[in-house]
Structure formats: C-alpha cells, structure tokens
Amino acid sequence: MKIATWNVNSLRVRLPQVLAWLALEKPDFLALQETKLPDAEFPQAEIETAGYHCAFNGQKTYNGVATLSRVPATQTVMELPGANDPQRRLLATTHNGVRILNVYIPNGQEVDSDKYRYKLDWLDRLQEFLEAELEEFPELVLLGDFNIAPEDRDVHDPQAWAGHVLCSNPEREAFQGLLDLGLHDAFRLFESGGDHYSWWDYRQGAFRRNHGLRIDHILASHALAERCVACTIDSTPRKHERPSDHTPVMAQFK
DNA sequence: ATGGCGCGCGCAGCGCGA
C-alpha cells in the first residue's frame, strides 16, 4: 500500500503533472492540498479515467483538499468539530478500514498575527479531533501540508528561521502533541539526517540551492507504522516546468 | 531593508503563500 501527499498549488494548473505522477507511481492514495477550485469545477472525470476515485472539499481561489484513492471513500468528514469555519482544509475518509486524514494546516503568515492565532487554534481543534479518530480507527494516517518544520534538521538555515512562522515553538509543540497521541513521522522512521525538504521557495533559486523546509508530512498510527517499509520525498516534480513549490511525499506499507 | 516567484482574480495590480 502506497500513500502520498502533495500540495499542488492549484489543481487546475497542475492536473497534467498529477495525472503523470499517478501513472508513474501508482499510489493507492494521493492526498492533495491547495486545489484552489470549487467542487463544481473539480476535474473528477479526468481523475476517474486515470483509475482513481475522488473525494474533495474545495472552495474558490484558496485552500481546498482532495483525496484520490483506488478504493472509494466512506465515512467522509469535512469539518473539524467545534467551529463554523469556511476554509476548506480537512478531508477525512475511510477505505477498507484505513482512515485517511488529509489536512492543509494554515500557514500562519507571521508569529503573533491573527492568522498565526488561527493556525494554533486550528491545531488545537485538530488535536481533539485526532484523539477521537484514533480511538475509532487503529489504522490511521494523518498527512498533508502541515506548514510546520518539526525540528531544526528540517530547515535549511535554522538560525535564519529561528522563532519564525513554520518553526516557532508553539507550532512545534502542537506538532509534537499530535505525535504524542500515538503517531509516527513516517519519514523519520528511515532517515535521521538533514537536507531533506518538501518545499522550496520559487524565488532566489531556492530549489537549485536546496534551500528548503520539510513541512509536508505523513504521520502513521502505531498499527500502520509497524507496517511502514519506506518513506521518500520525490523531488522530481519540483524540476518540471511550472512546478508546484511543494513536492510529493510517499510512504509504503506492507 | 525590500523583494525576489507563482497563483487567482480579472484585466491592473494586489492578496496570499511559506
């Protein structure tokens, strides 16, 4: 079983790359973030032709998540409990007993801004939701664009980023809180070193210089982590013409 | 110190991302 996540920064623009990547890697699941299109404009026919079912939770212009899968979804949830939030950032689905929580966690813009407070509040609500979900679904994956670099080894220049959004202590503590509920960072099951990133700024030749951050994650419950045999970041799509600034992360389970 | 790129919207230039 292969499970992947990719922030595509507009599915309209990136659809050809997504279809090519599906054909090449043949994952069982692909969680997309920043689809940036309303549900009525979701390219369902093209993706079904490629052999995937689609669950999607989108809006115009901003945000939007979708989960592509070989097995159709049941038990779909599109809202975190406890808030009436118009931003489409969550999609929870079940596929033959495997629970997939696809998230586009808020960016936060700047520490102490309103958007930063919204991010921390969103993470609090995710923590509560995840706790309940783990009781119901032992085989669970929480994956997506977390907009958090969990540790300094996930940052190309930790000194420059110290205390800034994506690296601040409250964000990192919230990330650790998710792990403490019983999740494992799949990438760190296999690789303890630095220089492995999932996002690079479009500017300053950041990709060429490997000036990136590891902010896209696949977190697996105990039951699935025991079966995890690989987790890799595929940087090849970042080399394409008109790339997303994020690149896919994929985990394999026996 | 600032913006640097790419996207959406919509037709100019701005908000946003990270």
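These numbers come from a predicted model, not from an experiment.
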Distance check, [atom1] atoms only: [N] and [M], in whole angstrom units.
N: B:dG3; M: B:dC16; atom1: C1'; value: 15 Å
N: B:dA12; M: B:dA1; atom1: P; value: 36 Å
N: B:dT2; M: B:dG13; atom1: P; value: 23 Å
N: B:dG15; M: B:dG10; atom1: P; value: 15 Å

| message | Show every ring-ring contact (aromatic ring centres under 6.0 Å, His included) that has at least one partner inside residues 58-89 of chain A, sequence neighbours left out. | response |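 Not a single pair qualifies under ring-ring contact (aromatic ring centres under 6.0 Å, His included).
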| ring-ring contact (aromatic ring centres under 6.0 Å, His included) pairs, two or more places apart, involving residues 89-111 of chain A |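 Checked against ring-ring contact (aromatic ring centres under 6.0 Å, His included) - neighbours excluded - the pairs reaching residues 89-111 of chain A are A:Phe29-A:His95.
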| Given atom CZ of A:Arg209 and atom P of B:dC5, what is their separation to the nearest angstrom? |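 So the CZ-P distance, A:Arg209 to B:dC5, works out to 13 Å.
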Under the ring-ring contact (aromatic ring centres under 6.0 Å, His included) test, which residues partner [X], sequence neighbours left out?
X: A:Phe187; answer: A:His196
X: A:Phe207; answer: A:Trp200
X: A:Phe146; answer: A:Phe175, A:His217
X: A:His222; answer: A:His184

| task | Could you encode protein contacts along nucleotides 8-18 of chain B as a string, one character per nucleotide from 5' to 3', using B for base contact, S for sugar-phosphate-only contact and - for no contact, with a heavy-atom cut-off of under 4.0 Å? | result | SS------SBB
| remark: DNA chain B in dot-bracket form (Watson-Crick or G-U pairs under 3.5 Å, [ ] crossing, | inter-strand) is ....(((((...))))).
| Are any of A:Arg14's side-chain N or O atoms less than 4.0 Å away from OP1 or OP2 of B:dC7? |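 Answer yes for this pair, as a side-chain N or O of A:Arg14 is under 4.0 Å from OP1 or OP2.
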| field | With A:His211 via side-chain hydrogen bond (donor to acceptor under 3.5 Å, both in side chains) - residues at least two apart | value |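 With neighbours one apart ignored, the set is empty.
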| Among A:Ile148, A:Val111, A:Asn107, side chain to side chain contact (heavy atoms under 4.5 Å, CB included) partner for A:Lys119 |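 For A:Lys119, the side chain to side chain contact (heavy atoms under 4.5 Å, CB included) check succeeds only for A:Ile148.
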